[in-house]
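The structure under discussion appears below in the form of C-alpha cells.
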Amino acid sequence: MKKNMLKTAAALVFTVSATVSCSAQEQISLPQPSKSLETTVIEALQNRRSERVFAEKQMSDQDLASLLWAANGINREDGRRTAPSAINAQDIDIYVVRADGAYLWDAKENTLKRVSDEDLRPLVAKGQDFVLQAPVSLVLVSDKSRFGNRPANFAQADAGYVSQNICLYCSAAGWACCPRASMDTEGLKKALQLSESQEPMLNNTVGYRK
C-alpha cells in the first residue's frame, strides 16, 4: 500500500514537472530592449534601403527585443506605443516567424508566445527565396475588430507605421531589412491560428548584413 502511494506521488511530481517544462517552452521572456543606438534619424533615413542578402547568423534575443520595441513597443506610462495608431485602436500584433517556429509578441510582458512549431518562412516568402535565408520575418497582423465600424484603411496605415519603424531601426543598427506585402495570407491565417477579424497586412524580413 505504502509503495503504491509513493509511486502515485512520484508520478504526480513527474506530471507536474513535465507540464511546467512544456509551459516554459511555450513562452520566451526577452531581455530588456537596448535604447543606446548613436545613429541620428537623418543618418538612418539617409542609409535606409531594402536588402535581400543576409548573413548566415541567427538573431540574438537581445537584438530581437530591441527591434520589437522600436517596431511597436510601449514608450509611455499610459501604455501607448512607438508607432502611431488610428484612434489608439492598437490593432497591430507582431508575429515573429523563425526556423524554430512562430511566436506572438506581447509588448506589455516583453515575451514571445509560441503559436506554431513549424518553420512558416515559406508562407511568408511566397516563392521569394531570399526570405528563407533571413533569420526573422516580422508579420504585421491587424485585428480589425478593434476599429469597430471605422474604415478599413486605418489598418493599412497602422501597419505602415510599424513597418517603417522596423526599417528605420534596422538602418540605424546596420542590419538588412526588406519590407514586403507579398505572402501566403490564407496559409498564414491558418498556421498562426488567426481569427476572422485578423488579417496579415505586411511583413518585414530582417537579419544581419552579409
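Everything numeric here is computed off the predicted structure, so don't read it as measured data. As a basis for the values below, the full set of heavy atoms in this structure was taken, side chains included, without hydrogen atoms, waters or symmetry mates.
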- prompt: Which atoms form the tightest heavy-atom contact between Thr39 and Ala172, and what is the distance?
  reply: OG1-O, 3.0 Å
task: Please tell me if the side chains of Pro135 and Arg98 come closer than 4.5 Å, counting only heavy atoms from C-beta onward.
output: no
- line: Tested for side-chain contact (heavy atoms from CB on, under 4.5 Å) against Asn204, the lone hit among Asn165, Leu140, Val162 is Leu140
task: Taking all non-hydrogen atoms of both residues into account, name the closest pair between Phe147 and Ala86 and its distance.
output: CE2-O, 3.7 Å
- prompt: Does Ile74 offer a backbone N or O that forms a donor-acceptor pair with the side chain of Trp69 under 3.5 Å?
  reply: yes
message: I'd like to know if Arg146 pairs up with Asp93 as an ion pair, taking the criterion as any Lys NZ or Arg NE/NH1/NH2 lying under 4.0 Å from an Asp or Glu carboxylate oxygen.
response: yes
Ring centre gap for Trp175 and Tyr169 strictly below 6.0 Å: yes
- request: Any chance you could measure Tyr95, atom OH, to Ser116, atom OG, to the nearest 0.5 Å?
  value: 11.5 Å
query: Hey, does the side chain of Asp158 reach the backbone of Ser142 with a donor-acceptor pair shorter than 3.5 angstrom?
result: no
field: Check: Asp143/Ser197 side-chain N/O donor and acceptor closer than 3.5 Å
entry: yes
message: Would you say CD of Gln128 has more than 12 non-hydrogen atoms from neighbouring residues, nucleotides or ligands within 6.0 angstrom?
response: yes
message: Distance check, rounded to the nearest 0.5 Å: Ser171 atom OG versus Gln164 atom CD?
response: 9.5 Å
query: Can you tell me if CD on Gln62 sees more than 12 non-hydrogen neighbours from other groups inside 6.0 Å?
result: yes
task: Test Trp105 against Leu138 for side-chain contact (heavy atoms from CB on, under 4.5 Å), laying out the working first.
output: CA-CA 10 Å; Trp105 179 54; Leu138 302 181; over 6 Å; no
query: OG of Ser60 to CG of Leu67: how many Å apart, nearest 0.5 Å?
result: 10.5 Å
query: Linking I/L/V/M/F/W/Y whenever their side-chain heavy atoms sit closer than 4.5 Å, directly or via other members, would Val141 and Leu112 fall into one cluster?
result: no
query: Val136, Val53: one ILVMFWY side-chain cluster at the under-4.5 Å cut-off?
result: no
- request: Take Leu132 and Val124, measure what side-chain contact (heavy atoms from CB on, under 4.5 Å) needs, and give me the verdict at the end.
  value: CA-CA 9 Å; Leu132 305 178; Val124 180; over 6 Å; no
field: Asn47 side chain to Glu43 backbone, donor-acceptor under 3.5 Å
entry: yes
message: Nearest 0.5 Å, please: how far is CD in Glu186 from CG in Leu194?
response: 10.0 Å
query: side-chain contact (heavy atoms from CB on, under 4.5 Å) between Glu51 and Arg209: does it pass, once the steps are laid out?
result: CA-CA 8 Å; Glu51 299 183 63; Arg209 283 178 180 155; 2.7 Å; yes
- prompt: Should Val131 and Ser137 count as side-chain neighbours, where that means a heavy-atom distance under 4.5 Å?
  reply: yes
query: Can you list the residues that meet the salt bridge (Lys or Arg N to Asp or Glu O under 4.0 Å) rule with Asp184, with sequence neighbours excluded?
result: none
- prompt: Looking at side-chain heavy atoms only, is the closest gap between Lys144 and Glu196 below 4.5 Å?
  reply: no
message: Counting only heavy atoms from other residues, nucleotides and ligands, does the tally under 6.0 Å from CZ of Arg150 exceed 12?
response: no
field: Modelled atom types, side-chain donor and acceptor of Gln90 and Asn88, under 3.5 Å
entry: yes
Hphob cluster co-occupancy, Val206 + Tyr208, side-chain heavy atoms under 4.5 angstrom: yes
- request: Consider only side-chain N and O atoms of Asn72 and Tyr161, and report whether a donor and an acceptor are under 3.5 Å apart.
  value: no
query: When you measure from the side chain of Arg114 to the backbone N and O of Tyr103, does any donor-acceptor pair fall under 3.5 Å?
result: no
statement: On a heavy-atom basis, the closest approach of Met59 and Gly207 is CE-CA, 4.4 Å
message: I'd like to know whether NZ of Lys113 has more than 12 heavy-atom contacts from other residues, nucleotides or ligands below 6.0 angstrom.
response: no
task: Say whether Thr82 and Asn75, considering side chains only, have a donor N or O and an acceptor N or O under 3.5 Å apart.
output: no
query: Quick one: CE on Met183 to CG on Asn203, what's the gap to the nearest 0.5 Å?
result: 5.0 Å
task: Quickly, which of Ile28, Asp106, Leu30 forms a side-chain contact (heavy atoms from CB on, under 4.5 Å) with Thr111? Name it, please.
output: Asp106
message: Can a donor-acceptor pair be found, under 3.5 Å and without considering hydrogens, that links the side chain of Arg180 to the backbone of Ala125?
response: yes
- request: For Ile92 and Ser85, run side-chain contact (heavy atoms from CB on, under 4.5 Å): C-alpha distance rounded to whole Å, both residues' side-chain angles, the deciding distance at 0.1 Å, then the answer.
  value: CA-CA 8 Å; Ile92 301 297; Ser85 178; over 6 Å; no
- prompt: Do Ser50 and Cys177 come close enough that some side-chain heavy atom pair is under 4.5 Å?
  reply: no
query: Is there a path from Ile166 to Leu202 through hydrophobic residues (I, L, V, M, F, W, Y) whose side chains come within less than 4.5 Å of each other?
result: yes
- prompt: So do Thr40 and Leu45 actually touch side chain to side chain, heavy atoms under 4.5 Å?
  reply: no
message: If I take atom NZ from residue Lys210 and atom CZ from residue Arg52, how far apart are they, to the nearest 0.5 angstrom?
response: 16.0 Å
message: When you measure from the side chain of Arg76 to the backbone of Asp78, do you find a donor-acceptor pair of N or O atoms at a distance under 3.5 Å?
response: no
